[in-house]
Amino acid sequence: MAEATPLYDTYSRAPLRFERGEGVWLITESGERYLDFGAGVAVTSVGHSNPHVVGALKEQADKVWHLSNIYEIPGQERLAKRLTDATFADKVFFTNSGAEALECAIKTARRYQFSKGHPERFHIITFEGAFHGRTLATIAAGGQEKYLEGFGPKAPGFDQVAFGDIEAVRAAITEATAGILIEPVQGEGGVRPATPEFMKALRQLCDDNDLLLILDEVQTGVGRTGKLFAHEWSGITPDIMAVAKGIGGGFPLGACLATSEAASGMKAGTHGSTYGGNPLAMAVGSAVLDIILADGFLQQVRDVALVFRQGLASLKDRYPDVIEDIRGEGLLLGIKAAVPSAELLQAIRAAHLLGVPAGDNVIRLLPPLVVTAEEAREGLVRIERAAESIRASKVKKTA
């Protein structure tokens, strides 16, 4: 009988123990090398043990680790300035995670309407298949029963409609609506991109009804789709945006970005965080941006993504009994399996490649953004090996 773990039983973990990482590779305690196309669920954006990021963390660790937000923290000013210079935003609030960034975004939208004399406007329109985090508010925003069950009454103020249905959005707007919250590409929901037309229509609806457009770019942001942020593909800008995962490259870091107008209700004392914006996180976040914002980096992401996407399309054509469809943008890609996705994920893992499960029978492929075309091709070889093994298993069963 296995020894009981002292950890909460909230994860069904794979029996793998990684000791170290190098770029796009993870190495187990026994020395086995795995190609990491999960990247800690789109987190290790610039690869494992990136020398520039490690150096920045070590340098800051020798100075000061933590300062309360009672004081000015110069690293916050620097990183916030870089983010506002590169985006639509004028204001930034730093958090420790994506869920906290979403909580800040929701509070910012509600507080904006309150400060404008509309306290009744606190409802946020969200979308079926969404995932916004694991807090009580963000599971209510996501609306998925499997995350809501057993945690008491659903937090009020979230009105969910079908993803991609602009008429459903229009019909859901009432005098109580404060804003609209959407992921430009639903990651957990099965790698489902919103069309540019839909994003533009949402922007127009918000403009016409004095609503705030809130984007969850926790998974899609910081270069993941080949632009700094995924909404850039649609040619629109939000009023508020939640960011995390890739911005810290593996260090816990999130941020809520907003225009001055959208953030105008967030006065002193209305929100706070003990650890948010700590000096270690600020040093790491700035080092990650050094890499992501370097000349040619995002073009390289797009180039490698094209190689990878074309290779996956070829595998789909050759293994239609295993791969039903390929989805996504940039290096946020999904394989919709023609077999149970858990079976394909297990076969991929047996080929020493790591992916991430998602909804709608999809496996997410989220390699570090520093992945090369050669490494992408190696990943394709391993996925083909997995597809072959599933096909062979099917033949054996029918023999």
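Worth saying up front: this structure is predicted, and the values here are computed from it rather than measured. We number each residue from 1, following the sequence as shown.
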**Message:** Other residues, nucleotides and ligands only: do more than 12 of their heavy atoms fall within 6.0 Å of CD on Glu149?
**Reply:** no
**Message:** Using side-chain heavy atoms (C-beta onward) and a distance below 4.5 Å, is Asp239 in contact with Ile214?
**Reply:** no
**Asked** If you look at every heavy atom in Pro184 and Asp216, which pair is closest and at what distance?
**Response** CD-O, 3.4 Å
**Request:** Could you tell me whether a side-chain N or O of Thr44 sits under 3.5 Å from a main-chain N or O of His48, the two making a donor and an acceptor?
**Result:** no
**Asked** Which value, rounded to the nearest 0.5 Å, describes the distance between Leu136 atom CG and Phe151 atom CZ?
**Response** 8.0 Å
**Message:** Run the salt bridge (Lys or Arg N to Asp or Glu O under 4.0 Å) test on Lys81 and Glu77 for me, step by step, so that the C-alpha distance in whole Å, both residues' side-chain angles and the decisive distance to 0.1 Å come before the verdict.
**Reply:** CA-CA 6 Å; Lys81 181 69 162 58; Glu77 295 282 346; over 6 Å; no
**Request:** Take Ser49 and Arg20 through the test side chain to side chain donor-acceptor pair (under 3.5 Å) and record every step on the way to the result.
**Result:** CA-CA 8 Å; Ser49 304; Arg20 67 186 191 280; over 6 Å; no
**Prompt:** Quick one: are Asp210 and Tyr112 in side-chain contact, heavy atoms under 4.5 Å?
**Reply:** yes
**Request:** Output, in order, the C-alpha distance, side-chain angles, deciding distance and verdict of side chain to side chain contact (heavy atoms under 4.5 Å, CB included) for Thr259 and Thr237.
**Result:** CA-CA 10 Å; Thr259 64; Thr237 56; over 6 Å; no
**Asked** Is the number of heavy atoms from other residues, nucleotides or ligands under 6.0 Å of Glu120 CD greater than 12?
**Response** yes
**Request:** Take atom CZ of Phe114 as the centre, draw a 6.0 Å sphere, and report whether it contains more than 12 heavy atoms from other residues, nucleotides or ligands.
**Result:** no
**Asked** With distance as the sole test, does Arg309 use its side chain to make a donor-acceptor pair with the main-chain N or O of Gly328 at under 3.5 Å?
**Response** yes
**side chain to side chain donor-acceptor pair (under 3.5 Å) between Asp90 and Thr84, intermediate numbers included** = CA-CA 5 Å; Asp90 307 302; Thr84 55; over 6 Å; no
**Prompt:** Can you check whether Leu293 reaches Leu228 side chain to side chain, under 4.5 Å on heavy atoms?
**Reply:** yes
**Prompt:** Counting only heavy atoms not in Glu72, do more than 12 sit closer than 6.0 Å to its CD atom?
**Reply:** no
**Asked** Under 6.0 Å from the NZ atom of Lys91, do we count more than 12 heavy atoms belonging to anything else shown?
**Response** no
**Prompt:** Any side-chain heavy-atom pair from Glu217 and His231 closer than 4.5 angstrom?
**Reply:** yes
**Prompt:** Is it true that atom OH of Tyr319 has more than 12 heavy atoms of other residues, nucleotides or ligands lying nearer than 6.0 Å?
**Reply:** yes
**Message:** For Arg13, is the CZ atom crowded, meaning more than 12 foreign heavy atoms sit under 6.0 Å from it?
**Reply:** yes
**Item:** Heavy-atom side-chain proximity of Val243 to Val222 below 4.5 angstrom
**Value:** yes
**Item:** Side-chain touch Leu312/Leu380, heavy atoms, less than 4.5 angstrom
**Value:** yes
**Asked** Would Val185 end up clustered with Leu365 when hydrophobic side chains under 4.5 Å apart are linked, directly or stepwise?
**Response** no
**Message:** Starting from Ile125, can I reach Leu202 by hopping between I/L/V/M/F/W/Y residues whose side chains sit under 4.5 Å apart?
**Reply:** yes
**Request:** Identify, with sequence neighbours excluded, every residue that meets ring pair (Phe, Tyr, Trp, His ring centres under 6.0 Å) alongside His118.
**Result:** none
**Asked** Going hydrophobic residue to hydrophobic residue with side-chain gaps under 4.5 angstrom, can you get from Tyr147 over to Ile182?
**Response** no
**Prompt:** Does atom CD of Gln346 have more than 12 heavy-atom neighbours, drawn from other residues, nucleotides or ligands, at distances under 6.0 Å?
**Reply:** no
**Item:** Contact check, side chains of Leu83 and Ile247, non-hydrogen atoms, under 4.5 Å
**Value:** yes
**Asked** What class does the angle between the rings of Tyr34 and His352 fall in, given that below 30° is parallel, 30 to 60° is tilted and above 60° is perpendicular?
**Response** parallel
**Request:** State, yes or no, whether a side-chain contact exists between Glu19 and Ile27 at a heavy-atom distance under 4.5 Å.
**Result:** no
